[in-house]
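Throughout, protein chains are lettered first and strands after them, A, B, ... in sequence-line order, and every chain is numbered starting at 1. Just so you know, these numbers come straight off a predicted model, no measurement behind them. Any value given below was found using the heavy atoms of this structure, including those in side chains, with hydrogens, waters and symmetry copies removed.
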There are 2 protein chains.
Amino acid sequence: MQDLLTIGELSVRSGVAPSALRYYERLGLIRADRTGGNQRRYARAELRRVAFIRISQQVGVSLDEIRAALDSLPEARTPSPQDWARLSASWRSRLDERIRLLTRLRDDLDGCIGCGCLSLQRCTLNNPGDTLAGEGPGARLVLPRPVDDPTPAGSPA
Amino acid sequence: MQDLLTIGELSVRSGVAPSALRYYERLGLIRADRTGGNQRRYARAELRRVAFIRISQQVGVSLDEIRAALDSLPEARTPSPQDWARLSASWRSRLDERIRLLTRLRDDLDGCIGCGCLSLQRCTLNNPGDTLAGEGPGARLVLPRPVDDPTPAGSPA
DNA sequence: CCTTGAGTTGAAGTCCACTTCAACTTACAC
DNA sequence: GTGTAAGTTGAAGTGGACTTCAACTCAAGG
């Protein structure tokens, strides 16, 4: 066991496919030394970078933003625990926000289930720049903003 | 104000772009009558379908699954509040699960920030079939399962 | 009538995060 | 020295959820 990992080893240890690791490298998220025969050899510290990438993805951050965050790490030295803590902390509010939104959606869903209304207005939905923010595809709001459903109260759906 | 909406009206009221509404129709998620001149006219009930689609997307359900869910609605009659309640309830556990995972990630992140470890193993991360389930792109696990990082305790990252 | 904004279509394009492929080279255990 | 698993590359493909485009047609107010 040396201090350098092959791509296969890093893949197994990180749970990330080799093709994804190469992709990350192309995007500048991780780096590798090369052997005389041009094969990648990863320093152990890269494991932490990959860990950070995966965590960040869970939080809902794009690879591009992750790259920006990683770029803020000191280049001269191996990042310290404090460095990593700072980066992780920077996602904290986004994570909180996502949890808050989903929780609110759940509560609203419960309310809607109670009354069976599923009305766009009272639900968390269609609250642009709030619920629609930051979630994956399909959550882009193109039009200015939704308008209340003027169905006369009591009409049959 | 009649009981049929143009695509533009439905778009404004639902907050979904016309192109997306046409796309939903192609996928069989919503339907529209046509005027003599071949323009779409939506029954008011379609607003609820669109609402359901958006809510479901928030929960993290794919359009394909949403279509399957919508297909389970009675065709003969306008869906009742109970029908919608049943569909919404079917997402409930997924929503709960997502909230649970994100919350756990937050807690772990706090822990990791405390110690600065960011180690793959103790964090929620790389807990295949658990954390990695159901979340957007980048969360596919290809390799069997990650292996513990055997960095000797006390080695400098 | 005529203009103009809204709507129609199919095909192609976009974005993100990867994966797959083919053709070839290295590393290493025996 | 050799067999084979593992690695290399660039280019192209995938999937999901849409958007954009060009070339038209429709609907409705003046």
Distances under 3.5 Å between protein N/O atoms and the N/O atoms of nucleotides 24-27 of chain D, please, pair by pair.
{"unit_1": "dA27(D)", "atom_1": "OP1", "unit_2": "T35(B)", "atom_2": "OG1", "d": "3.1"}

Any Y24(A) side-chain N or O less than 4.0 Å from OP1/OP2 of dC18(C):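 True: Y24(A) side-chain N/O within range (under 4.0 Å) of dC18(C) OP1/OP2.
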Does T6(A) make a side-chain N or O approach to OP1 or OP2 of dA27(C) shorter than 4.0 Å?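 So the side-chain polar atoms of T6(A) never come under 4.0 Å of the phosphate oxygens OP1 or OP2 of dA27(C).
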List the residues meeting side chain to side chain donor-acceptor pair (under 3.5 Å) with R26(B), not counting sequence neighbours, and say none if there are none.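 Here no residue qualifies.
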With sequence neighbours left out, write down each residue that passes side chain to side chain donor-acceptor pair (under 3.5 Å) with N38(B), or none if nothing qualifies.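 N38(B) satisfies side chain to side chain donor-acceptor pair (under 3.5 Å) with R34(B) only.
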Tell me whether R40(A) is salt-bridged to D33(A), with the criterion being a basic N under 4.0 Å from an acidic carboxylate O.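 Looking at R40(A) and D33(A), the cut-off is not met.
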Measure from CD on E25(A) to P on dT9(D) and round the result to the nearest Å.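 Atom CD in E25(A) sits about 7 Å away from atom P in dT9(D).
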Pick the closest DNA chain C nucleotide for V61(A) and for R40(B) by heavy atoms, then say which residue is nearer the 5' end.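 Its nearest nucleotide lies further toward 5', so the answer is R40(B).
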Report for the helix from dC1(C)-dG30(D) to dC30(C)-dG1(D): angle between first-end and last-end helix axes, five pairs each, rounded to 10 degrees.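 The end axes of the helix from dC1(C)-dG30(D) to dC30(C)-dG1(D) are about 0° apart, to the nearest 10°.
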Who passes salt bridge (Lys or Arg N to Asp or Glu O under 4.0 Å) against E65(A), sequence neighbours left out?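 Checked E65(A) against salt bridge (Lys or Arg N to Asp or Glu O under 4.0 Å); matches are R94(A).
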Heavy atom of residues 64-73 of chain B under 4.0 Å from DNA chain D: which residues?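 None, since no heavy atom is under 4.0 Å.
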Which is it for L27(A) and D64(A) under the side-chain contact (heavy atoms from CB on, under 4.5 Å) test, yes or no, and what are the steps along the way? CA-CA 8 Å; L27(A) 297 191; D64(A) 209 57; over 6 Å; no
